[in-house]
Protein chains: 2
Amino acid sequence: MNLKKQPQLSDNVCFAIYSANNAIIRAYKPLLEEYDLTFPQYLVMQALWCEDGVNLTRLSEQTGLDLGTLTPIVKRLETKSLLTREKDSQDERKKVIKLSTSGTSIKLEALKLKQVLLEKVSLNEEALKLLRAHCLTIVGELNL
Amino acid sequence: MNLKKQPQLSDNVCFAIYSANNAIIRAYKPLLEEYDLTFPQYLVMQALWCEDGVNLTRLSEQTGLDLGTLTPIVKRLETKSLLTREKDSQDERKKVIKLSTSGTSIKLEALKLKQVLLEKVSLNEEALKLLRAHCLTIVGELNL
DNA sequence: AACAAATACTTTGCGCACAAAGTATTTTAA
DNA sequence: TTAAAATACTTTGTGCGCAAAGTATTTGTT
């Protein structure tokens, strides 16, 4: 009695993560519209709210994005006057990214969006904690 | 004694999933090069290996991608002669996607890549199962 | 001091991912 | 039996995400 059902795309962990990521970005979109931010831009802002006045390479380490991705994102945030990009006087190769007043001022409000989104998900604290840890394990081990 | 360390970007479940997704796509890239496939193209092929001869809308349901994303992906797979796109004679609005001989022939080999990738990750069967389930819960609940 | 190597960032090209607008076909209803 | 609405797909525009190539500055070596 082989009751195995047809194999499905959703049997895949990788597909599940991929789909969850797309779903999260879609769900954040209407919430972030109020701040005129995309999801990756929101992540960069969060990185800066954690540690301000860093150069692009540091931001790259924090976000896991490469410089070719970050440069245009940070430029767009500069256009929106949420941050400034100026050369490091000590080392002119480096660009120091600093939050502007308005970049800092939206921090508390914008961080609340995380709760708004998570409220839509029935997973409990423990499950989310585990999910986060397992994802970071994958990141760490695949980036070796 | 408040020993809480600085808040980090990686405290976020959403960031963890986002990073895991990027890491998975990066890790698959060299493996998929042999088949001249990108990760999303690989997912579409997997969907077809599960259920062949479907129209774009069905493929959209299976992959969670919208038609505007799928059309160009499927066209590229057609260019690579991995599948055909022909109008449904019953309903000429629909395009029926069918695997070609070569599209079918790489199935067994290409599906092995999943194991190759997962071997790099230390998570056990149980953890992966839970991770997958939790991600699908998020997808289901955010797409309401 | 001079030149090679390393580092930090930018630019270009390609393929997603999606919203919005457009085209074609079918269904529904007046 | 048409006109309106719905459905299926395509196209266009924007913003990632990354590889590869390019520029500028600094460091290391002779």
Side-chain angles (χ1 to χ4, degrees), chain A residues 15 17-30 32-33 35-45 54-61 63-80 85-97 139 142-143, chain B residues 15 17-30 32-33 35-45 54-61 63-80 85-97 139 142-143:
Chain A
F15 172 72
I17 292 172
Y18 168 82
S19 297
N21 185 55
N22 286 342
I24 288 168
I25 292 176
R26 272 196 299 269
Y28 258 119
K29 181 168 267 194
L32 287 171
E33 238 155 40
Y35 301 95
D36 190 25
L37 290 175
T38 64
F39 184 69
Q41 288 167 14
Y42 181 48
L43 290 181
V44 168
M45 291 302 292
V54 297
N55 65 9
L56 261 197
T57 298
R58 174 69 179 150
L59 215 45
S60 168
E61 290 164 7
T63 60
L65 297 171
D66 76 13
L67 293 175
T69 301
L70 277 176
T71 295
I73 292 178
V74 170
K75 275 188 173 181
R76 283 181 204 109
L77 292 172
E78 185 187 32
T79 302
K80 297 175 193 183
R85 303 187 313 138
E86 43 187 45
K87 281 190 181 173
D88 185 335
S89 55
Q90 305 299 300
D91 184 342
E92 301 236 319
R93 290 171 304 181
K94 298 184 182 171
K95 284 269 175 69
V96 180
I97 316 299
V139 173
L142 291 185
N143 284 344
Chain B
F15 172 72
I17 292 173
Y18 169 83
S19 296
N21 184 54
N22 287 343
I24 288 169
I25 291 175
R26 273 196 300 269
Y28 257 120
K29 180 169 268 193
L32 287 171
E33 238 156 38
Y35 301 96
D36 190 26
L37 290 175
T38 64
F39 183 70
Q41 287 167 14
Y42 182 48
L43 289 180
V44 168
M45 290 302 291
V54 297
N55 66 9
L56 260 197
T57 298
R58 174 68 179 151
L59 214 45
S60 169
E61 290 164 7
T63 59
L65 296 172
D66 76 13
L67 293 174
T69 300
L70 276 176
T71 296
I73 292 179
V74 170
K75 275 187 172 179
R76 282 180 205 111
L77 292 172
E78 185 187 32
T79 302
K80 298 175 192 184
R85 303 187 314 138
E86 43 187 46
K87 280 189 180 173
D88 185 336
S89 55
Q90 304 298 298
D91 183 342
E92 302 236 320
R93 289 170 305 182
K94 298 182 181 172
K95 284 269 175 69
V96 181
I97 315 299
V139 172
L142 291 185
N143 284 344

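The structure displayed is predicted, hence computed values, not measured ones. The sequence lines fix the lettering, A, B, ..., with proteins before strands; numbering per chain opens at 1.
- Considering only side-chain N and O atoms, Thr57(A) lies under 4.0 angstrom from the phosphate OP1 or OP2 of dC9(C).
- Neither OP1 nor OP2 of dA8(C) sits under 4.0 Å from any side-chain N or O of Arg85(A).
- Along DNA chain D, the nucleotide nearest to Lys87(A) and the one nearest to Pro72(A) differ in position, and the one closer to the 5' end is contacted by Pro72(A).
- Here Lys75(A) does not pair with Glu78(A) in a salt bridge; the nearest charged N to carboxylate O distance is not below 4.0 Å.
- Side-chain proximity of Thr69(A) to the nucleotides dC18(D), dC9(D), dA8(C) is greatest for dC18(D).
- Taking all atoms of both residues into account, the shortest heavy-atom contact from Ser19(A) to Thr63(B) is OG-O, 4.3 Å.
- For the pair Arg26(B)/Asn143(A), a side-chain contact is recorded, criterion being any heavy-atom separation below 4.5 Å from C-beta on.
- Leu67(B) places its CG atom 12 Å from the C1' atom of dA17(C), with the value rounded to the nearest Å.
- In this structure, Thr69(B) contributes its side chain and Leu65(B) its backbone to no donor-acceptor pair below 3.5 Å.
- Proximity of Lys95(A) to the phosphate of dT10(C): a side-chain N or O atom is located under 4.0 Å from OP1 or OP2.
- Residue Gln41(A) places none of its side-chain N or O atoms closer than 4.0 Å to OP1 or OP2 of dG15(D).
- For Asn55(B), the side-chain atoms get nearest to dC9(D) when compared with the rest of dT11(C), dC9(D), dT25(C).
- The nearest heavy atom of DNA chain D to Asp91(B) and to Lys29(B) marks one nucleotide each, and the one closer to the 5' end goes with Asp91(B).
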